[in-house]
Amino acid sequence: MSIIPCVTLATLPAVGAYFGHRNYPFEKERLIRSALFNHFMGGLGMYLISQKRGSINALLPRVCFGAAILLNSVPIYYALYKNNNQEYSTIRIIGSVSLALGWLLLGSFPR
């Protein structure tokens, strides 16, 4: 098993606690929930693909899940941390597509 999925999933409680103990308007709370959910789904996908044994093509789904976290969740975390109102919508769309592609690729691997 790889350490990267474990570290990715282990950072979720810390990030959730950091942003959960601050007061935000309702719209920003929705962004936080969205970022945490996408972070979790990417980390879960990375963990599941690390459990597939003998799959030589497992790099592409891992890259997709990692890109989904970096392009979808991290810009939201950064904007909230810096108290910045920038939207990052284009980058987040690419991250969402990457997350969906990662799950499709994960489903294509044999058991």
Side-chain angles (χ1 to χ4, degrees):
M1 179 180 13
S2 177
I3 190 92
I4 294 172
C6 297
V7 170
T8 301
L9 289 172
T11 58
L12 272 171
V15 171
Y18 178 80
F19 289 113
H21 290 270
R22 298 174 86 184
N23 291 328
Y24 290 108
F26 179 72
E27 187 61 37
K28 287 191 177 182
E29 285 181 10
R30 284 186 33 197
L31 277 175
I32 293 168
R33 277 190 239 122
S34 171
L36 290 173
F37 179 75
N38 288 328
H39 191 149
F40 172 73
M41 293 304 286
L44 181 65
M46 290 173 81
Y47 174 75
L48 290 175
I49 198 68
S50 70
Q51 299 301 311
K52 301 282 185 181
R53 301 199 190 281
S55 56
I56 195 133
N57 296 327
L59 181 64
L60 186 59
R62 284 186 188 157
V63 168
C64 287
F65 288 128
I69 294 170
L70 289 176
L71 297 177
N72 204 347
S73 298
V74 173
I76 295 173
Y77 299 151
Y78 178 76
L80 291 172
Y81 178 73
K82 291 291 187 181
N83 217 359
N84 186 354
N85 289 332
Q86 195 169 3
E87 206 39 52
Y88 298 110
S89 60
T90 305
I91 294 173
R92 291 188 59 222
I93 290 171
I94 295 169
S96 297
V97 168
S98 178
L99 182 66
L101 183 62
W103 280 105
L104 287 172
L105 290 171
L106 178 65
S108 69
F109 278 97
R111 291 185 174 198

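If you're wondering where the values come from, they're calculated on a predicted model, not measured in any experiment.
Atom-to-atom distance recorded for Leu104:CG and Leu99:CG is 10.0 Å, nearest 0.5 angstrom. Of the inter-residue distances, the one linking Ile94 atom CD1 with Thr90 atom OG1 reads 7.0 Å to the nearest 0.5 angstrom. Taking CD of Glu29 as the start and CG of Asn23 as the end, the distance is 8.0 Å to the nearest 0.5 Å. To the nearest 0.5 Å, atom OH of residue Tyr47 and atom CG of residue Leu9 are 9.0 Å apart.
In this structure the side chain of Tyr18 never reaches within 4.5 angstrom of the side chain of Ile32, judged on heavy atoms. Side-chain contact check for Ser98 versus Leu71: every heavy-atom pair is 4.5 Å or farther apart. Counting heavy atoms from C-beta on, the side chains of Asn72 and Phe37 never come closer than 4.5 Å. Put simply, the side chain of Arg92 reaches to within 4.5 Å of the side chain of Ile76, judged on heavy atoms.
Looking at every heavy atom in both residues, Tyr24 comes nearest to Leu80 through OH-O, 3.8 Å. Taking each heavy atom of Asn38 and Ile69 in turn, the nearest pair found is O-CG1, 4.4 Å. Considering all non-hydrogen atoms of both residues, Leu36 and Leu12 come closest at O-CD2, 3.7 Å. Shown here for Pro5 and Gly43, the closest heavy-atom pair between the two residues is CB-O, 4.2 Å. Considering every non-hydrogen atom in both Ser73 and Ala35, the closest pair reads OG-O, 2.8 Å. Between Leu105 and Pro61, the shortest heavy-atom distance links the atoms CB-CG, 3.8 Å.
In the hydrophobic clustering of this structure, Val15 groups with Leu31; members are Ile, Leu, Val, Met, Phe, Trp, Tyr whose side-chain heavy atoms approach within less than 4.5 Å, directly or through other members. Put simply, Phe40 and Ile49 are part of the same group of oily side chains (I, L, V, M, F, W, Y) that touch within less than 4.5 Å, one to the next.
The 12-atom threshold is not exceeded at OH of Tyr81, counting heavy atoms of other residues, nucleotides or ligands nearer than 6.0 Å.
Proximity of a side-chain donor or acceptor of His39 to a complementary backbone N or O of Thr8 within less than 3.5 Å is detected. Without hydrogens or angle criteria, Ser34 side chain to Arg30 main chain gives no donor-acceptor distance under 3.5 Å.
Listed by chain and number, the hydrophobic cluster partners of Leu70 are Val74, where partners are ILVMFWY side chains within reach of under 4.5 Å, directly or through others.
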